[in-house]
There are 2 protein chains.
Amino acid sequence: MNTRIQRRNRRLILDAALDVFSAHGFRGATLDAIARQAGLSKPNLLYYFDSKEAIHRALLDDLLETWLEPLRAIDPAGEPAAEIMAYMRHKLRMARDYPRESRLFANEILQGAPRLSDFIASELRALVEDRARLIAAWVAQGRLAPVDPMHLIFSIWALTQHYADFDAQIRLIRPQGDPMQGAEAFLTTLYNRLLAP
Amino acid sequence: MNTRIQRRNRRLILDAALDVFSAHGFRGATLDAIARQAGLSKPNLLYYFDSKEAIHRALLDDLLETWLEPLRAIDPAGEPAAEIMAYMRHKLRMARDYPRESRLFANEILQGAPRLSDFIASELRALVEDRARLIAAWVAQGRLAPVDPMHLIFSIWALTQHYADFDAQIRLIRPQGDPMQGAEAFLTTLYNRLLAP
DNA sequence: ACCAGAGTTGACCAACCAGTCAAGATTCTT
DNA sequence: AAGAATCTTGACTGGTTGGTCAACTCTGGT
């Protein structure tokens with residue numbers, strides 16, 4: 001039927017909710033704040049989503065596929081260092097272009113991952129283990145310097161997401177200019193030196 | 001006068017508050033939860049601290065000195081790579097031994113650093129700029145490989161705090177054994193290869 | 001043993017919270 | 001133009017929250 005208004009309002013709500021949830025965490029966010037940000041009334045929010053929980057759930061569901069994709073895109077047939085470098089750059093670009101999503105995820109993990117433990121313990125874990133095996137094979141073939149594959153993956157997550165999650169801190173320490181200026185060059189150097197066999 | 005009961009209860013409250021604030025953020029934490037965790041009544045909490053805000057403030061004040069100290073301890077007269085490596089190991093040990101403090105800090109930054117902007121923009125910023133100049137001088141003398149000093153410091157923060165802040169994720173991905181197993185070896189390798197001139 | 005001050009708490013309050021509902025406004029279809 | 005379906009919201013509810021207060025108990029010094 002009339003899906004134009006529905007689509008527009010759902011998008012307004014999810015966009016506002018991403019602002020509020022990523023800035024305050026689940027418990028710290030309020031429906032009033034989301035409604036105000038979306039320019040809708042609170043009962044109207046609950047006309048489109050069953051509950052506060054359901055809005056949050058919808059945001060996470062949107063996010064999770066996006067989160068897996070770059071890691072999945074590492075090509076076993078590619079050149080090892082180049083593949084890992086491309087993964088790092090992909091994650092860094094995501095931190096720059098989708099900082100709210102990164103902070104939503106970080107808030108969730110920081111608070112014990114209550115709503116993500118299923119996803120992490122099943123899909124993400126399986127994918128990480130698979131990619132770790134691939135990297136271990138590359139190391140065994142002498143095509144990468146010897147590194148612990150799991151820690152290598154964690155390091156890429158830590159270094160790239162840091163620019164989104166700790167953006168407030170970086171801006172206060174380097175008030176002039178773009179907080180991410182030089183980040184890609186620095187990380188490229190770092191992983192070039194780490195991975196060269 | 002009688003400071004024994006006061007000291008004991010203040011410590012109980014701050015310890016419980018650290019649990020609750022680090023797990024839920026400021027807005028997500030409740031005085032009831034802190035009181036329950038501390039084994040005291042809610043009015044009793046407010047006998048020792050003026051408000052929820054005051055408890056949080058007290059935790060942050062305790063934390064901030066501890067946060068600066070390792071960075072301050074980098075010795076301009078020392079051997080460059082060894083000094084930076086020692087700093088990294090110091091931060092990693094703090095992430096292992098004081099994960100709640102790390103998460104309290106992370107929650108605060110993630111939510112825009114509303115209560116830390118003064119500290120970051122003044123004391124932390126001045127110290128970071130000073131240490132960045134020191135590292136830049138070491139690079140200029142050819143005693144370190146050329147790296148952006150600011151990004152080097154950020155990378156140490158990101159990589160070490162990640163093990164505390166994203167502990168829940170790491171545990172779910174590697175359920176067997178200590179989440180920090182191998183972390184020190186990995187980071188030592190990483191910074192050895194990055195910094196060798 | 002006494003009491004002044006320190007420590008403690010049940011009962012309470014006003015503000016805020018997620019969520020409901022019935023009634024009204026708008027839009028779509030014919 | 002009109003009826004049906006969709007969309008919107010003011011007013012409300014029951015529960016939670018930070019914080020208050022008067023009354024109570026406990027402790028240490030004499």
Side-chain angles (χ1 to χ4, degrees), chain A residues 1-61 104 107-108 110-112 114-116, chain B residues 1-62 104 107-108 111-112 114-116:
Chain A
M1 295 299 166
N2 178 2
T3 53
R4 204 168 77 242
I5 295 179
Q6 271 183 35
R7 265 204 296 269
R8 179 179 60 96
N9 284 352
R10 278 179 193 272
R11 198 169 34 76
L12 279 174
I13 292 167
L14 288 177
D15 189 68
L18 184 54
D19 270 5
V20 176
F21 280 128
S22 69
H24 298 103
F26 183 78
R27 295 206 48 186
T30 70
L31 288 180
D32 286 286
I34 298 171
R36 203 178 321 123
Q37 181 79 7
L40 300 173
S41 69
K42 184 169 61 168
N44 209 3
L45 252 63
L46 294 161
Y47 174 76
Y48 289 101
F49 292 90
D50 285 345
S51 63
K52 179 183 177 182
E53 182 80 37
I55 301 177
H56 194 256
R57 185 76 260 156
L59 284 174
L60 287 183
D61 287 346
L104 178 74
N107 253 306
E108 207 48 26
L110 202 50
Q111 311 194 352
R115 284 163 257 271
L116 283 178
Chain B
M1 295 302 167
N2 179 2
T3 52
R4 204 166 77 241
I5 294 179
Q6 272 185 33
R7 265 202 296 267
R8 179 178 60 96
N9 283 353
R10 277 181 193 273
R11 195 167 36 75
L12 280 173
I13 292 168
L14 289 176
D15 190 67
L18 185 54
D19 270 6
V20 176
F21 280 127
S22 68
H24 298 104
F26 183 77
R27 295 206 49 186
T30 69
L31 288 180
D32 287 285
I34 298 172
R36 203 178 320 121
Q37 180 80 9
L40 299 173
S41 69
K42 185 169 62 169
N44 209 2
L45 251 65
L46 294 160
Y47 174 76
Y48 289 101
F49 292 90
D50 285 347
S51 63
K52 179 184 179 181
E53 181 80 37
I55 301 177
H56 194 256
R57 184 77 261 156
L59 284 175
L60 287 182
D61 287 346
D62 280 358
L104 178 74
N107 254 307
E108 206 50 25
Q111 311 196 350
R115 284 163 259 271
L116 284 178

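Computed over heavy atoms, backbone and side chain alike; hydrogens, waters and symmetry mates excluded. Please read these numbers as outputs of a predicted model, since none were measured by experiment.
- A donor-acceptor pair under 3.5 Å is formed between the side chain of B:Arg10 and the backbone N or O of B:Tyr48.
- Relative to the side chain of A:Leu46, the nucleotides D:dT17, C:dT20, C:dA18 differ in distance, and C:dT20 lies closest.
- When each of C:dA18, D:dG18, C:dG7 is scored by its nearest atom to the side-chain atoms of B:Asn9, the top-ranked nucleotide is C:dG7.
- Among the protein residues, B:Ala29 comes within range of the sugar-phosphate backbone only, with heavy atoms under 4.0 Å from sugar or phosphate atoms but none that close to a base.
- Residue side chain B:Lys42 reaches the base of D:dG18 through a donor-acceptor N/O pair under 3.5 Å, judged by distance alone.
- The side chain of A:Arg10 places no N or O atom within less than 4.0 Å of a non-bridging phosphate oxygen (OP1 or OP2) of D:dC7.
- At least one test fails for B:Lys52 against the ring of B:Phe21: distance under 6.0 Å to the centre or angle within 45° of the axis.
- Classification of A:Asp61 and A:Arg57 as a salt-bridged pair holds, one side-chain N sitting under 4.0 Å from a carboxylate O.
- In this structure, A:Tyr48 reaches the sugar-phosphate backbone alone: every heavy-atom distance under 4.0 Å involves primed, P, OP1 or OP2 atoms, never a base.
- The side chain of A:Gln6 has D:dC7 as its nearest neighbour among D:dC7, C:dC17, D:dT9.
- Which of C:dT20, D:dT8, C:dC17 sits closest to the side chain of A:Ile5 comes down to D:dT8.
- Between B:Thr30 and B:His24 the shortest side-chain heavy-atom distance does not fall below 4.5 Å.
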